[in-house]
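Just so we're on the same page: letters track the sequence lines, and every chain starts at 1. Hydrogens, waters and symmetry mates play no part in the numbers below; they use all other heavy atoms, side chains included.
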Number of protein chains: 2
Amino acid sequence: MSSRSASPSSAPPSSGRITLREVARALGVSVATVSNAYNRPDQLSAALRERVLDTARTLGYGGPDPLARSLRRGRTGVIGVVYDAPLEYAFADPAAALFLGSLAQSLQAASLNLLLLASPGDPQTDPLAPVQGASVDGLIVYSAAQDSELLRAVLARSLPTVLVDQPVPVDQSVLGDQNGQPAQDHRAQTSGVQIDDAGGARLAAQHLIDLGHTHIGVLCLELGPRQGGGPVTPERERQVAYHPTAERLRGYREALAAGPSGTRLFLTEAERNTPSDGERCTLALLQSEPEITALLCMSDVLAQGALRAAHSLGLSVPQRLSVIGYDDLPGSADLKLTTVWQPTSEKGQQVGEAMLALLGGQIPPDVRLPTRLVVRGSTAARPKTGVQVNRLPSPP
Amino acid sequence: MSSRSASPSSAPPSSGRITLREVARALGVSVATVSNAYNRPDQLSAALRERVLDTARTLGYGGPDPLARSLRRGRTGVIGVVYDAPLEYAFADPAAALFLGSLAQSLQAASLNLLLLASPGDPQTDPLAPVQGASVDGLIVYSAAQDSELLRAVLARSLPTVLVDQPVPVDQSVLGDQNGQPAQDHRAQTSGVQIDDAGGARLAAQHLIDLGHTHIGVLCLELGPRQGGGPVTPERERQVAYHPTAERLRGYREALAAGPSGTRLFLTEAERNTPSDGERCTLALLQSEPEITALLCMSDVLAQGALRAAHSLGLSVPQRLSVIGYDDLPGSADLKLTTVWQPTSEKGQQVGEAMLALLGGQIPPDVRLPTRLVVRGSTAARPKTGVQVNRLPSPP
DNA sequence: CCGGGAATCTGAATCGTTTCAGATAACTGG
DNA sequence: CCAGTTATCTGAAACGATTCAGATTCCCGG
């Protein structure tokens, strides 16, 4: 009724996706006006705006292309989460899931979405490509080996970056371009959030020592990327690349050093952080070191496997074998697992807030969150008897 | 030594982020050449390419901007996953995590990354914004209420889309623009992957009926978005918006209809899919319907809560109370939970492959995967005695 | 010495927006 | 009726790349 004009120019806009320009042309207005109809309603009359939106709908135009908009505006509304293992591992780990959940929540408040950036398992493709090619406003590194190419690639992007459970490297060491170029001070854009990994580990080991255990098995998380697991040689221990693993190990050793001199640690490395790997490691470890009466596990997930192994070996927990985990997952209380609690959700929130601060141009201070020992039913005093765990039934 | 020229034009490129153009200018070559140095090494001499890359490094240029590249190329390398609840829920649900993991894996093979698109819990912000504003090559809908705005927004983007556990709506009903505009045939870009939800549910209910149970409680997943939980009225049941919930309910009812006429179902709806909600619901349900001897749970997570509740009430499972779950999570075997297995990982893989096919211009057929009943130790015949579960101790 | 083909490199259009700096028109009060 | 606002709308320059269609140069056999 009201609109008199409709199709002044009859230039065939052809097929394909409709653009702002075509809407503008169809109405005989400028593209700026159409853009304004979407982004700044106050810049045009309500009537015209209505007509624009109507025409857009009729033409099947779904609004400004997000990509072009991002390019022009300089912001994408996306934060990348870097994970240096195949992504399915991330989801398989409840602690990671919990962390990501709370991270996502705190970022969502600022309308930011998470882009999952994982190293492909496939050795064909370049593991750095995702990080280098991602359109993001910021990066969060959830786990990367110290001094790794991946970490370097992240910092090279000079984006706001938050490092989780990992120290922020000093400039020179990590960005050592042989040609002395300063390569931007990435430190100004980078912040760190960590937990007291070593402290928690120390408490755990101390607990076992206090209970009188002298032969303690340690189920380690991966020491470095893609290696394979198994007994840990001193040499391998020296090369530990993952910071949390290194710290927890350090904590264990510190407690040991402070305890009675006869106590010994038997290290084994899980190939992956899964219950079945924990189970496998436990079986192997107990087989080769039958005097072990307690297990320090670097995650509740591994501990769960240890419990399973103990069960299948007929070793009662905690009477014959004490088991202690790390993380304190939601399900661990049900298992009566003694473990080291860490504020996983709060960590996610802190990381989110640090990112928000960085995006806002501030430089938030590094955060360090506490850990705590939660004693439940999976630990007890070292069995009094002559400790003959020997002659294990071979696993079925 | 070799390079003779270095800085012909001395126009100050000023500060900020370095661009392709500035690298080109510094070298005195065209931008096309610099671009080719990165994207088509065969288009320039190795020597020049080396010089280009060197200069780029010196200047601190980190390679072509992903955003601009995506705009020009028309591909982003990102697939959006739409989840119509706050994201922290997604991560809290092991089944979702499992699914996402395998999905991510299958997409990673094609160098595609996952962008998590969740409805913000905050009612302030537009829940459609993430979907409308995401720069993606395709969308995967993990859970959305039927006929919802969200689903409409997804389809309106006319991108390759895969609907998970949800029927693909027919054109007209969902895209009914009042002005008869056809609005693109989105069906050609949309594919579906589902499981036999109803079938699995039927088996579960049948199992309980076969065991002689006549008063069966049902712990439902959310029937619709943001509601609140509690006993399910017939009216509410009619409005169930989530497809899996509807289907499972249908399966339960079908088995019931085929069984002895005295059997009754007592429905209650969990507010969220968490163990503690399952526990809460179970307590409430048993309180109000003490004759219940068996529980059908729509997820293993809820079942886990049910087990916890039973434990705290002193009801032994399965002697006094049978519990049956849905999903068959990795941890459920440990709990001896009888449950309905679904191929969660395969589902993720199928969804990934369907997306790949769509991106490749094909139209993959809809997929429907089977479910199976896994009988473990949490179900048994209905207790013979006069079933006096009455006089429950009030929860502490 | 010449025509033709390969090897290199460049100009300019394009991707689809946003936004700044006006231009035009309409209204205000004096 | 005019200067000064205010309300609307537009032109054109970014944003940072990719890519197609040449333009040059070089090399080679004839």
Side-chain angles (χ1 to χ4, degrees), chain A residues 5 8-9 13-14 16-52 56 59-77 132-137 157-158, chain B residues 5 8-9 13-14 16-52 56 59-77 132-137 157-158:
Chain A
S5 74
S9 94
S14 81
R17 197 156 244 75
I18 289 90
T19 73
L20 238 190
R21 165 157 40 238
E22 302 179 26
V23 177
R25 188 145 24 198
L27 249 83
V29 301
S30 83
V31 295
T33 299
V34 179
S35 174
N36 283 333
Y38 283 95
N39 302 310
R40 323 181 143 190
D42 58 311
Q43 293 292 299
L44 36 52
S45 66
L48 178 54
R49 182 174 130 95
E50 215 37 63
R51 280 210 299 143
V52 169
L59 258 42
Y61 177 72
D65 179 281
L67 212 48
R69 180 200 289 249
S70 293
L71 174 60
R72 180 59 234 237
R73 286 203 173 148
R75 296 177 303 101
T76 65
Q132 292 174 150
S135 302
V136 294
D137 294 337
R157 293 219 38 191
S158 312
Chain B
S5 74
S9 93
S14 85
R17 198 158 245 71
I18 290 90
T19 75
L20 239 189
R21 167 160 37 244
E22 301 179 28
V23 177
R25 186 142 30 198
L27 248 82
V29 300
S30 84
V31 294
T33 298
V34 179
S35 174
N36 283 332
Y38 283 95
N39 301 309
R40 322 180 144 190
D42 58 312
Q43 293 291 300
L44 36 53
S45 67
L48 176 54
R49 181 173 130 95
E50 215 37 65
R51 281 210 297 143
V52 170
L59 257 43
Y61 177 70
D65 180 280
L67 213 48
R69 180 200 289 251
S70 293
L71 175 59
R72 182 57 235 241
R73 287 205 173 147
R75 297 178 302 103
T76 65
Q132 291 173 152
S135 302
V136 294
D137 294 336
R157 291 219 39 191
S158 313

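- Within the structure, a side-chain polar atom (N or O) of B/R40 is placed less than 4.0 Å from OP1 or OP2 of D/dT19.
- Between the P atom of D/dA17 and the CG atom of B/L20 lies a distance of 4 Å, rounded to the nearest Å.
- In this structure the side chain of A/T19 never reaches within 4.5 angstrom of the side chain of A/D65, judged on heavy atoms.
- Regarding B/L48, its CG atom lies at a distance of 16 Å from the P atom of C/dA7, rounded to whole Å.
- Contact annotation: A/T33 does not reach the phosphate of D/dC9 (side-chain N/O to OP1 or OP2, under 4.0 Å).
- Atom CG of A/N39 and atom P of C/dT17 are 10 Å apart (whole Å).
- Contact annotation: the side chain of B/P66 approaches that of A/R157 to within less than 4.5 Å [non-hydrogen atoms, C-beta and beyond].
- Note on B/S45: only backbone sugar-phosphate atoms sit closer than 4.0 angstrom, heavy atoms only; bases stay farther off.
- The nearest whole Å value for the distance from the OH atom in B/Y38 to the P atom in D/dT19 is 16 Å.
- The shortest heavy-atom contact between B/E22 and B/R17 is OE2-O, 3.9 Å.
- The shortest side-chain heavy-atom distance between A/Q43 and A/T33 does not fall under the 4.5 Å cut-off.
- Residue B/R157 contributes atom CZ, which lies 13 Å from atom P of C/dG16 at whole-angstrom precision.
- When all heavy atoms are compared, the tightest approach of A/V31 to A/R21 is CG1-CA, 3.6 Å.
- Atom CZ of B/R51 is separated from atom P of C/dT8 by 14 Å (rounded to the nearest Å).
- When heavy atoms are screened at a 4.0 angstrom cut-off, B/T19 is found touching the sugar-phosphate backbone but no base atom.
- Toward the 5' end of DNA chain C, the nearer of the two residues B/D42 and A/V34, judged by each one's closest nucleotide, is B/D42.
- We find that CZ of A/R17 is positioned 9 Å from P of C/dG16, with the value rounded to whole Å.
- One interatomic measurement links the two molecules: CG of B/N36 to P of D/dA17, which rounds to 14 Å at whole-angstrom precision.
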Quiz item: Going through the checks in order, is the side-chain hydrogen bond (donor to acceptor under 3.5 Å, both in side chains) test met by A/N36 and A/R49?
Solution: CA-CA 8 Å; A/N36 283 333; A/R49 182 174 130 95; over 6 Å; no
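- Among the protein residues, B/S35 comes within range of the nucleic acid bases, having at least one heavy atom under 4.0 Å from a base atom.
- At a threshold of 4.5 Å between non-hydrogen side-chain atoms, the residues B/L27 and B/V34 do not count as touching.
- Residue B/Q43 is the one, among A/V31 and B/Q43, whose nearest nucleotide of DNA chain C lies closer to the 5' end (criterion: closest heavy atom).
- Sorted by residue number, the members of residues 61-73 of chain B with any non-hydrogen atom under 4.0 Å from DNA chain C read B/L71, B/R72.
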